[in-house]
Amino acid sequence: MLHLYNSLTRKKEPFHPLRAQQVKLYVCGMTVYDFCHLGHARVLVIFDVLTRYLRSAGLEVTYVRNITDLDDKIIQRAKDNSESVKTLTDRFIAALREDEKALYVLPPTRCPRATEYIQEMLTLIQTLVEKKYAYVVDNGDVYFDVHRFTPYGKLSKKTVSELMAGARVEIDLHKHSPVDFALWKAAKPDEPSWKSPWGYGRPGWHIECSAMAMACLGNTFDLHGGGIDLQFPHHENEIAQSEAATGEPFVKRWMHVGFVEVNQEKMSKSLGNFFTVRELLAKFPAEAIRYLILSSHYRSPLNYSEDQLHTAGQNVEKFYLALRDLPSLTGKVPTFLNSSYESAFHQAMEDDLNTPEALSVLHALVHEINKHKGEEKAVPLALLLKSLANVLGLLQQEPNEFLRAHHAHETLKDSEIEKLIQERNEARHKKDWRKADSIRTHLEAQGIILEDGSAHTLWRRR
RNA sequence: GGCUGGGUGGUAGAGAGGCUAUACAGCGGACUGCAAAUCCGUGGACGUCGGUUCGAAUCCGGCCCCAGCCUCCA
C-alpha cells in the first residue's frame, strides 16, 4: 500500500485515489523566461518518478503540469530583450522540452499554458465576485477577500492574524486588507491584456493554476505538487480561490519537493549559486543528475556539489557495468524470479517514495549480479535490475552507449580506440609489456579506460 | 519576532527503542604481467545536557546550531 506524505495534514497517509486505479495529478510547472536549473529539474524528476511508479503499479495517471507564460518577470524580460512575450516564452518552452527529454522525463499528459485559459480564469473570478469572495476596486483590479475565506492558512499553517501582523508596511491602497491578493490586474500600458467585465487587464498569478487544474482535472482531484516555496502563498491561494468558488474540496493531498541547496544555501540567482540543467548536462550524463536527485528523499533539502554529481555518475556507471557483457537483456523479467529485491524495492517506494532506500536495493542487486557474472543466473537478475531501475527512469541506455559516451570533449574515435587496443593486445601476446602499457597510458590520457578480460579487452570512456 | 523542518561515520545519505543501511573515499587480501572491473574482509556515526526504559542515535524536555517560509521563486 502506497503511503504519501500530505502537506495538508503533515502526515504520511495511505493513498487512495478518488476513483479506483485512476490518479489525477497537477504539478506547478515552470515560469518560462529562462532556462531550467537543478531545482526545477528536481521537481520534474520527482513527479516523473511518481508517475512512472504509479503506472508501473497498474494505475492510470493523468498528469497535468502547467506552463506559466504570463507573469511580471516574463513581461519584464521580454521588454529587456525587446522581443514579444510570445517569442520569449516559445523559446523557453522549447528549451524546457529539450531539458526534459535529455533528463528522460516523460512528457505529462497535458501541459496547459496560462494564456490559453484566460476565459476559464475570468469565469472563475466572476463566480468569486458573485459569491462576494472577491471585490472589484475602482481602477479595475479584482482582489480575493482573504478574511471571507475562513479556512485560509490550512495548508501553510499560518493564520490570517499572524499574516496581518507580519505584513509589510507598503500596503496597496486598493486592497481592503494587506493579506488580500490580486485575481485580476487592470491593464498597464505596454503589457499584454485581455478584455474582462472589469475592463482590460490580465490575471493574477494564482488564479491560473486553479483555472487550469479544475478545467483539466475537475473540481476535486487527487494530488497537487510543486516546490516547497510554492506552498505559501501560491498553493494556499489556489485552495482559497478554488474552494470558495466551487464549495467543494480542491485537492485531496499536497506534495512539496524540498530545495536544492549549494553550500547549505538555497540555490538562487541572486547568490550566483545557480546551475542550469544544460550546463550540467554538458559535463555529466543525464542519469547522473537523476541519480543525484533520487539519492536523497524528495522532501529533504538536496545539497548540490559537483563532487556529488560526480559520485552519482560513478554509481550509475556501476549499474551499467553490472549489465555490460550480458547476453540478450531484452526479454521480460521471468516470473519465477520472485525475488526479495523486488519486494524490498516496492516497500521502499511505497514508503513516501523512499528513493535512497530503493537505490540501495538496486545496489544489492548489482552486487548479486556481479557475484554471478558468467552464470546463467545473472541474466534474469539483470533483467530485474533494468526493470526496477526503469521505474526510477534510470538505465535508459544500452550499457555501452552509456559507458562509451564522451561527456567532456571529443576524444578518440571508437575505431581508433579499437585499433590501438588490437595493437596493444598483439604486444601483450608477445609479452611486450612496455609497449602494451604505453598504449594503455596513452588511451588513459584521452579518458579511455581499458579492462583486460580473459577473452577480450573491454573499454569505456571516463 | 511568528511558523515549519532538520542536526547520523572522511563525504553524501536512509533508517530507527535491542538486529550490517547503502554509495563514494580509506585500509588489508584475492584475481591480473601490471592495471581496470569484480569479489572477500575491515575500521569509522548518530549536536549537547538531562529524563523515561532492563535497554535510546531512535521516545520526552531544556540548550546550542543549521535551513526554509512569513515578499517574486521549483
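Residues A:H147 and A:H176 bring no donor and acceptor atom of their side chains to less than 3.5 Å of each other. Side-chain polar atoms of A:Q347 and A:D351 form no donor-acceptor pair below 3.5 angstrom. A donor-acceptor pair shorter than 3.5 Å can be found between the side chains of A:Y152 and A:N237. Checked by atom type, the side-chain pair A:Y298/A:D352 shows a donor-acceptor distance below 3.5 Å.
Residue-level contact check: A:G258 touches the bases, meaning some heavy atom is under 4.0 Å from a base atom.
Each of B:rU38, B:rC24, B:rC69 was ranked by its minimum atom distance to the side chain of A:N370; first place goes to B:rU38. Considering only side-chain atoms of A:D351, the nucleotide from B:rA74, B:rG15, B:rA14 that sits closest is B:rG15. Between B:rA14, B:rA25, B:rC69, one nucleotide has an atom nearer to the side chain of A:Q314 than all others, and that is B:rA25. Out of B:rA37, B:rA74, B:rC39, the shortest distance to the side chain of A:K266 is found at B:rA74. Taking only side-chain atoms of A:K158, from C-beta outward, the nucleotide of B:rA74, B:rC40, B:rG2 with the closest atom is B:rG2. With B:rA12, B:rA25, B:rC70 as the choices, the nucleotide that has an atom nearest any side-chain atom of A:P233 turns out to be B:rC70. Checked against B:rC73, B:rC3, B:rC39, the side chain of A:E162 finds its nearest nucleotide in B:rC3.
For the P atoms, the distance from B:rG47 to B:rC69 is 25 Å, rounded to whole Å. Distance check on atom C1': B:rG13 versus B:rC3 gives 27 Å, rounded to whole Å. B:rU71 and B:rG15 have their P atoms separated by 32 Å, with the value rounded to a whole Å. The same atom, P, is picked in B:rC64 and in B:rC49; the two are 15 Å apart, to the nearest Å.
Salt bridge A:E191/A:R202: present, at least one basic N to carboxylate O contact under 4.0 Å. The pair A:D90-A:R113 meets the salt-bridge criterion, with a side-chain N (NZ, NE, NH1 or NH2) lying under 4.0 Å from an Asp/Glu carboxylate O. A:D452 has a carboxylate O that lies under 4.0 Å from a charged side-chain N of A:R424, or vice versa, which qualifies the two as a salt bridge. Residues A:E243 and A:K154 are paired through a salt bridge, judged by an N-O separation under 4.0 Å between the basic side chain and the carboxylate. Under the 4.0 Å criterion applied to side-chain N and carboxylate O atoms, A:E98 and A:R278 are assigned as salt-bridge partners.
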Starting at the 5' end of RNA chain B, write a dot or bracket for each base, bracketing those in Watson-Crick or G-U wobble pairs whose two distances are under 3.5 Å and using | for partners on another strand. (((((((..(((.....[...))).(((((.......)))))....(((((..]....))))))))))))....

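A sub-4.0 Å separation between OP1 or OP2 of B:rC40 and a side-chain N or O of A:H367 is present.
Each of A:M30 and A:I449 lies near RNA chain B, and the nucleotide nearest A:I449 is the one positioned closer to the 5' end. Taking for each of A:S156 and A:K318 the nucleotide of RNA chain B with the nearest heavy atom, the 5'-most of the two is the partner of A:S156.
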Can you check nucleotides 31-33 of chain B for protein contacts, nitrogen or oxygen pairs under 3.5 Å, and list what you find?
residue, atom, partner, partner atom, Å
B:rG33, O6, A:R424, NH2, 3.4
B:rG33, N1, A:D437, OD1, 2.9
B:rG33, N2, A:D437, OD1, 3.2
B:rG33, N2, A:D437, OD2, 2.6

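For A:K73 against B:rC73, a side-chain-to-base donor-acceptor contact under 3.5 Å is absent.
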